[in-house]
Amino acid sequence: MRLSRYFLPILRDTPKEAEIVSHRLMLRAGMIRQEAAGIYAFLPLGFRVLQKVCAIVREEQDRSGAIELLMPTIQSADLWRESGRYEAYGKEMLRIKDRHERDMLYGPTNEEMITAIFRAYVRSYKDLPLNLYHIQWKFRDEVRPRFGLMRGREFLMKDAYSFDLDFAGAKHAYNRMFVAYLRTFARMGLRSIPMVAESGPIGGNLSHEFIILADTGESEVFCDKEYLEFEVPGPDVDFEHIGRLQAIVDKWTSLYAATSEKHDVAAFEAIAPDKRVSARGIEVGHIFYFGTKYSEPMKAVVTGHDGVERPVHMGSYGIGPSRLVAAIIEASHDDAGIVWPEPVAPFKVMILNLKQGGADTDKACEELYSALNGKGIDTLYHDLDERPGAKFATADLIGVPWQILVGPRSLAEGKVELKRRVDGARELMTVADAIARLSA
RNA sequence: CGGAGUGUGGCUCAGCCUGGUAGAGCACCUCGUUCGGGACGAGGGGGUCGCAGGUUCAAAUCCUGCCACUCCGACCA
C-alpha cells in the first residue's frame with residue numbers, strides 16, 4: 001500500500017476525551033473514530049488489525065474443533081421470553097420494535113438463538129459433541145461506556161457454544177476452549193492467565209476469566225508469579241485426547257489466580273511473598289460451563305444410548321476481538337507510539353523514503369516495494385513528500401514492526417537500513433538482503 | 001444511576017467573570033527555500049461559537065430549558 005493512496009488520518013494532538021493510552025494511540029494513529037458514546041468506526045488501519053486478531057481467533061477455534069457459523073445481530077424477543085431472560089436482562093439490552101410493533105432486540109449474546117438452532121436439528125447423542133461459534137457485533141447498553149474500545153457499547157465478540165451429552169463431555173469441551181484460549185492470546189503476543197471467576201448473568205458454576213496484566217486494567221487481580229513462566233501449549237496439541245488436555249488445564253489451574261470478586265486472602269497469603277502478584281488486569285476472554293440452564297427451559301434435548309431424552313449440557317466461550325486490539329496496545333507501546341506484535345500488525349513492513357523525489361531513493365524504494373508485495377508481505381510505502389523526521393514519527397506511532405529507511409546517506413554505500421520497532425535496533429544491508437530477511 | 005465537568009474552523013485551546021459583531025497554534029491550499037527524528041518564510045481558504053427560547057439597541061459572553069460528550073463512583077464482556 002502506498003501511503004499517498006491510503007486513508008490514514010494521523011492526529012498530531014491527542015483528543016481530550018481519551019484517557020488511557022490505547023484509546024489515545026488508536027485515535028492518534030487513525031485506527032478508530034468515535035461515532036457516539038461507546039460506539040466506534042474502525043478506520044482502515046484499525047480494521048486491518050481487527051481482522052488479523054479475528055483470523056488468529058478463528059484459526060485457534062477451528063483447530064480446537066469448533067465450527068463457525070454466523071447468527072444475526074437482531075433477535076426476536078420471543079426467543080428470550082423462552083429462557084426467561086427477556087425480563088431478567090435489564091436495561092443493558094437494547095430493545096427495539098419493528099414496523100409491526102413486534103418486540104425485537106439487538107443481541108447482547110446468543111445463548112438463546114444457538115439453543116434454538118441446535119434443538120431444531122439435533123436429536124441424537126451421535127451428533128455430539130458439537131461446538132458452534134461466530135464472530136459478530138454485540139450491543140450492551142452500558143451505563144457508562146469508557147476507555148475507548150475497552151468498554152464500548154457495541155463490540156465485536158467471538159462467542160462459542162458447546163453441546164454435550166453429559167458433564168464429562170462438557171468438561172472436555174470446556175478444556176478444549178481453555179487450551180484454545182491460551183494459544184490464541186499467546187499468538188497475539190499476550191501472556192494470559194486463567195483466573196477463577198464469577199459466572200455472572202450467563203449462569204453456571206464453572207468459569208474462568210482470561211486476564212492479561214496491564215496497569216490500566218479494569219479489574220484487580222491476584223495470582224502466583226509462576227504463571228508468567230508457564231509454557232503455552234504448542235500447535236500440535238491433541239484436542240481429542242481427553243487426558244492430555246485435562247493435564248494441561250490442571251497445570252494451568254494448579255496455582256492461585258483469582259479476580260477480586262473471587263479473591264481469597266488466606267489462600268493468596270499462603271503463597272511465598274516474592275511469588276505474589278497483585279495487579280490490574282484486562283479481561284480478554286471468559287468461559288463458562290452452565291449445564292442445562294438453557295437447554296432445559298428451551299427443550300434442547302438429545303436421545304442418549306439408552307433411548308432416553310435428556311437436555312444437553314452447554315457451555316459458552318467469549319473473546320472480545322475489538323477489546324483485544326486495545327488490550328494489545330496497552331501491553332505493547334512506548335513513548336513514540338504503538339509497538340505491534342508481528343502477528344497482529346496492520347503491516348509487517350513500512351518503507352520510509354527519506355528523500356522523496358530523489359532518483360536513487362525512489363528507485364530503491366520502488367524495488368523494495370514491488371519485491372515485498374510480490375512475496376505477499378503487507379507493506380506500507382511512505383511515499384509522501386514529507387521530511388524524514390515526520391516520517392519517523394508516523395512510522396513509530398503506527399507501530400509497524402519493521403521499518404526500512406531508504407536515504408541518501410546509507411544508499412551512498414549501496415545499503416538501506418532495517419529498523420526493528422520493538423527495540424529500535426538498526427542494521428545496514430543491501431536491498432536484496434533486506435528483501436530476503438523480511439521474506440524469511 | 002449518584003457526583004463533577006466540557007461543548008468556539010478538522011485537532012488542541014484562548015476569548016465568557018466585566019455583552020460591542022470571533023482569535024492563536026497545529027492541520028489544509030499556493031509559491032519559494034529546505035530535507036536522517038514532527039522545518040521556515042510569504043500569501044490564502046475555512047467557524048449559524050451544541051440546540052431552542054429569553055433579556056438587551058447589541059449575546060460566544062447574561063438567564064431558562066434541552067441535547068451531546070467526558071471524568072470519578074456504583075455496575076458490567
Side-chain angles (χ1 to χ4, degrees), chain A residues 9-20 23-24 27-28 30 33-40 89-93 107-111 136-159 181 197-202 207-211 217-219 259-261 281-288 316-324 326-327 335-337 352-358 361 382 384-398 403-412 415-417 419 424 426 428:
Chain A
I10 299 276
L11 265 39
R12 199 159 162 170
D13 296 310
T14 302
K16 63 167 185 269
E17 73 269 16
E19 284 296 314
I20 64 167
H23 193 195
R24 277 203 299 272
L27 290 168
R28 286 199 54 216
R33 183 182 127 87
Q34 180 168 350
E35 298 298 339
I39 299 177
Y40 293 85
Y89 214 92
K91 297 183 103 169
E92 263 197 18
M93 185 155 71
T109 176
N110 284 64
E111 279 83 6
Q136 178 63 288
W137 293 92
K138 303 291 186 288
F139 192 91
R140 295 185 187 174
D141 203 355
E142 296 284 342
V143 201
R144 176 142 112 83
R146 63 183 119 176
F147 303 146
L149 291 188
M150 203 67 84
R151 176 159 300 282
R153 292 193 292 170
E154 187 180 60
F155 58 98
L156 193 58
M157 180 159 121
K158 183 287 301 181
D159 38 327
Y181 276 31
E198 208 67 73
S199 46
I202 307 282
S207 176
H208 284 90
E209 281 181 27
F210 286 74
I211 301 279
E218 283 199 275
S219 15
T259 60
S260 55
E261 299 88 49
I282 301 169
E283 178 185 353
V284 290
H286 201 159
I287 61 179
F288 305 88
S316 75
Y317 315 89
I319 289 180
S322 49
R323 174 183 280 185
L324 264 173
D335 290 343
L352 307 190
N353 188 340
L354 301 184
K355 185 171 183 177
Q356 204 69 45
T361 47
H382 194 141
L384 297 175
D385 186 18
E386 286 180 7
R387 294 165 65 86
K391 293 196 178 190
F392 293 139
T394 298
D396 287 348
L397 174 64
I398 69 173
Q403 299 171 13
I404 307 178
L405 315 187
V406 182
R409 191 193 285 173
S410 51
L411 221 47
K415 304 273 180 67
V416 295
E417 217 169 334
K419 176 186 159 190
R426 299 163 182 231
L428 276 172

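Just so it is clear: chains get the letters A, B, ... in the order the sequence lines come, proteins before strands, and each one is counted from 1. In this text, all values refer to a predicted model and were calculated from it rather than measured experimentally.
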Please determine, for [N], whether a Watson-Crick or G-U wobble partner exists with both distances under 3.5 Å, and give it or none.
{"N": "B:rU56", "answer": "none"}
{"N": "B:rG36", "answer": "none"}
{"N": "B:rA14", "answer": "none"}
{"N": "B:rA68", "answer": "B:rU6"}
{"N": "B:rU48", "answer": "none"}
{"N": "B:rG73", "answer": "B:rC1"}
{"N": "B:rA22", "answer": "none"}
{"N": "B:rG41", "answer": "B:rC31"}

Between [X] and [Y] (side chain of the first, backbone of the second, donor and acceptor by atom type, cut-off under 3.5 Å), is there such a pair?
{"X": "A:Arg153", "Y": "A:Arg140", "result": "no"}
{"X": "A:Gln34", "Y": "A:Ala36", "result": "yes"}
{"X": "A:Lys391", "Y": "A:Asn353", "result": "yes"}
{"X": "A:Ser322", "Y": "A:Leu156", "result": "yes"}

| Is any side-chain nitrogen or oxygen of A:Gln34 closer than 4.0 Å to OP1 or OP2 of B:rA68? | no
| Below 4.0 angstrom from OP1 or OP2 of B:rC72, is there any side-chain N or O of A:Arg144? | yes
| said: Can you tell me if A:Phe392 is stacked onto the base of B:rG36, using a 5.5 Å centroid cut-off and an angle below 30°? | reply: no
Grab the [atom1]-[atom2] distance between [X] and [N] for me, whole Å please.
{"X": "A:Leu354", "N": "B:rG38", "atom1": "CG", "atom2": "C1'", "value": "14 Å"}
{"X": "A:Lys138", "N": "B:rA77", "atom1": "NZ", "atom2": "P", "value": "14 Å"}
{"X": "A:Glu142", "N": "B:rG73", "atom1": "CD", "atom2": "P", "value": "15 Å"}
{"X": "A:Arg153", "N": "B:rA68", "atom1": "CZ", "atom2": "C1'", "value": "11 Å"}
{"X": "A:Asp385", "N": "B:rU30", "atom1": "CG", "atom2": "C1'", "value": "15 Å"}
{"X": "A:Ile20", "N": "B:rU70", "atom1": "CD1", "atom2": "C1'", "value": "14 Å"}
{"X": "A:Arg12", "N": "B:rA39", "atom1": "CZ", "atom2": "P", "value": "6 Å"}
{"X": "A:His23", "N": "B:rU70", "atom1": "NE2", "atom2": "P", "value": "8 Å"}

When all nucleic acid strands are considered with a 4.0 Å heavy-atom cut-off, which category describes [X]: base, sugar-phosphate, or nothing?
{"X": "A:Arg33", "answer": "nothing"}
{"X": "A:Thr14", "answer": "sugar-phosphate"}
{"X": "A:Gly318", "answer": "nothing"}
{"X": "A:Leu352", "answer": "nothing"}
{"X": "A:Gly152", "answer": "base"}
{"X": "A:Asp159", "answer": "nothing"}

Check: [X] side chain, [N] base, donor-acceptor under 3.5 Å:
{"X": "A:Arg409", "N": "B:rG37", "answer": "no"}
{"X": "A:Arg387", "N": "B:rU34", "answer": "yes"}
{"X": "A:Glu417", "N": "B:rG36", "answer": "yes"}
{"X": "A:Lys419", "N": "B:rG37", "answer": "yes"}
{"X": "A:Arg146", "N": "B:rG73", "answer": "no"}

| message | Closest-nucleotide mapping onto RNA chain B: is A:Glu35 or A:Ser322 further toward the 5' terminus? I mean the 5' end. | response | A:Glu35
| message | Can you work out whether A:Val143 or A:Ser410 has the more 5'-proximal nearest nucleotide on RNA chain B? | response | A:Val143
Taking atom [atom1] in both [N] and [M], what distance in whole Å separates the two?
{"N": "B:rU48", "M": "B:rG41", "atom1": "P", "answer": "30 Å"}
{"N": "B:rA74", "M": "B:rG38", "atom1": "C1'", "answer": "43 Å"}
{"N": "B:rA4", "M": "B:rA58", "atom1": "C1'", "answer": "34 Å"}
{"N": "B:rC29", "M": "B:rA22", "atom1": "C1'", "answer": "22 Å"}
{"N": "B:rG47", "M": "B:rG23", "atom1": "P", "answer": "13 Å"}
{"N": "B:rA59", "M": "B:rG19", "atom1": "P", "answer": "14 Å"}
{"N": "B:rC49", "M": "B:rU21", "atom1": "C1'", "answer": "12 Å"}
{"N": "B:rC63", "M": "B:rU6", "atom1": "P", "answer": "13 Å"}

| message | Heavy-atom count check: over 12 atoms from other residues, nucleotides or ligands less than 6.0 Å from A:Lys138 NZ? | response | yes
| Which nucleotide in B:rC71, B:rC1, B:rG38 has an atom nearest any side-chain atom of A:Phe147 | B:rC71
| query | Choosing from B:rC71, B:rA77, B:rG37, which nucleotide comes nearest the side chain of A:Glu19? | reply | B:rC71
| request: Would you sort out whether A:Glu218 and A:Phe147 count as a side-chain contact (heavy atoms from CB on, under 4.5 Å), showing the intermediate values? | output: CA-CA 10 Å; A:Glu218 283 199 275; A:Phe147 303 146; 4.1 Å; yes
| message | For the residue pair A:Ser410 / A:Glu417, report whether a side-chain donor-acceptor contact shorter than 3.5 Å exists. | response | no
| query | Looking just at side-chain N and O atoms, do A:Asp159 and A:Gln136 make a donor-acceptor pair shorter than 3.5 Å? | reply | no
| request: Side-chain contact test, heavy atoms from C-beta onward, threshold under 4.5 Å: evaluate it for A:Leu352 versus A:Pro388 and give yes or no. | output: no
| Would you say A:Leu405 and A:Phe392 make side-chain contact, with heavy atoms under 4.5 Å? | yes
| query | Does the side-chain contact (heavy atoms from CB on, under 4.5 Å) test come out yes or no for A:Tyr181 and A:Val284, once each step is laid out? | reply | CA-CA 10 Å; A:Tyr181 276 31; A:Val284 290; over 6 Å; no
Review item, nucleotides 7-10 of chain B N/O atoms under 3.5 Å of protein N/O:
none

